[in-house]
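Data first, discussion second: the structure below is written as structure tokens.
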Number of protein chains: 2
Amino acid sequence: MENISENIRIQMRKGLLEYCILRILSNEEAYASSIIEALKGAKMIVVEGTLYPLLIRLKNQQLLSYRWEESTQGPPRKYYMITDKGRAQLEEMDAAWSDLVESINHLKK
Amino acid sequence: MENISENIRIQMRKGLLEYCILRILSNEEAYASSIIEALKGAKMIVVEGTLYPLLIRLKNQQLLSYRWEESTQGPPRKYYMITDKGRAQLEEMDAAWSDLVESINHLKK
DNA sequence: TTTTGTACTTTGTGATACAAGGTATTGAAA
DNA sequence: TTTCAATACCTTGTATCACAAAGTACAAAA
């Protein structure tokens with residue numbers, strides 16, 4: 001483990017990526033690369049090997065669905081969208097996140 | 001996996017417990033049971049099997065040190081305290097946490 | 001002496017993210 | 001036509017973390 005500071009961020013992020021994906025897809029459909037871009041925009045860097053299994057996991061839980069769409073450049077893209085079940089889960093996650101922030105703030109005093 | 005909602009919280013918490021321990025010990029020395037109490041106060045429930053290995057890990061990284069202290073009731077207690085190296089790490093973690101909160105807020109827009 | 005309570009520790013399991021690969025499709029260059 | 005580069009999707013192996021469920025050790029009370 002070379003980069004301690006980076007590892008801190010990786011560990012803190014665990015379990016939050018799922019939340020981030022649902023948050024991103026709550027606004028718009030997106031395919032893997034565009035999701036990675038959105039995460040980069042929020043300074044949450046992830047690699048493909050992390051994202052693809054995660055998307056498949058969420059799809060198997062029926063929190064997401066997808067459709068294929070032709071691209072003007074390159075192979076077709078898998079556009080993911082959030083399901084009703086996904087929105088319900090997202091609400092739970094919003095609550096869990098709020099509680100978590102409150103917990104940390106409590107410890108900061 | 002029966003309790004989905006609980007699992008959400010468990011997963012989100014991953015990597016944050018370490019931060020919480022350092023935060024708690026930044027104010028005062030404490031032994032395992034009292035740390036668990038402090039976490040309960042912040043609604044971050046953990047069990048012994050989680051906390052002890054974590055404390056040992058932090059001690060091996062020289063972020064914490066400890067001393068034995070006799071108890072009036074029961075066996076002696078291992079009081080942990082944060083080290084200078086631990087305080088440096090805590091600063092890193094404060095920054096990582098702030099960034100994380102900002103990232104999530106960014107995705108909420 | 002046995003029991004009860006407190007404190008510390010270990011082992012096995014499931015879940016997550018990463019690194020480092022691989023496969024498949026498309027269009028342009030050779 | 002064939003080769004190459006770009007894009008997109010997927011898989012495998014590894015490390016880390018939290019939990020459940022045990023176990024060990026000590027001290028005071030019954």
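What's counted below: heavy atoms across the whole structure, side chains too, no hydrogens, waters or symmetry copies. All chains are named by letter (A, B, ...) in the order of the sequence lines, taking the proteins before the strands, and each is independently numbered beginning at 1.
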*Scan M12(A), R13(A), K14(A), Q11(A) and name whichever one has a side chain to side chain contact (heavy atoms under 4.5 Å, CB included) with K14(B).*
K14(A)

*Base-contact (B) and sugar-phosphate-only (S) positions in nucleotides 22-30 of chain C, heavy-atom cut-off under 4.0 Å, - elsewhere*: ---BS----

*Exceeds 12 heavy-atom contacts within 6.0 angstrom, atom NZ of K40(A)*: no

_Could you go through L63(A) and L90(A), starting from their C-alpha distance and side-chain angles, then the distance that decides it, and tell me whether this counts as side-chain contact (heavy atoms from CB on, under 4.5 Å)?_
CA-CA 9 Å; L63(A) 304 178; L90(A) 182 53; over 6 Å; no

*To the nearest 0.5 Å, tell me how far I24(B) CD1 sits from K108(A) NZ.*
14.0 Å

*Decide yes or no, distance alone: a donor-acceptor N/O pair under 3.5 angstrom between the base of dT16(D) and the side-chain of K14(B).*
no

*Looking across every strand, which nucleic acid part, if any, lies under 4.0 Å from G49(B) by heavy atom: base, sugar-phosphate, or nothing?*
base

*May I ask you to evaluate whether R57(B) reaches the phosphate of dC17(D), defined as a side-chain N or O under 4.0 Å from OP1 or OP2?*
yes

*Verdict with reasoning, K43(A) to H106(B), per side-chain contact (heavy atoms from CB on, under 4.5 Å)*: CA-CA 9 Å; K43(A) 306 234 175 90; H106(B) 184 266; over 6 Å; no

*So do L100(B) and M44(A) actually touch side chain to side chain, heavy atoms under 4.5 Å?*
yes

_If you apply the rule side-chain contact (heavy atoms from CB on, under 4.5 Å), what do you find for Y80(B) with I21(B), and how did you get there?_
CA-CA 10 Å; Y80(B) 282 91; I21(B) 306 305; over 6 Å; no

*So, Y31(B) versus Y79(B), ring centres under 6.0 angstrom or not?*
yes

*Establish, with yes or no, whether the OP1 or OP2 oxygen of dT9(C) is under 4.0 angstrom from a side-chain nitrogen or oxygen of Y52(B).*
no

*Contact class for L55(A) vs. all strands (heavy atom < 4.0 Å): base, sugar-phosphate, or nothing?*
nothing

*Using a cut-off of strictly less than 4.0 Å between a heavy atom of the residue and any atom of DNA chain C, enumerate the qualifying residues of residues 16-29 of chain A by number.*
L17(A), E18(A)

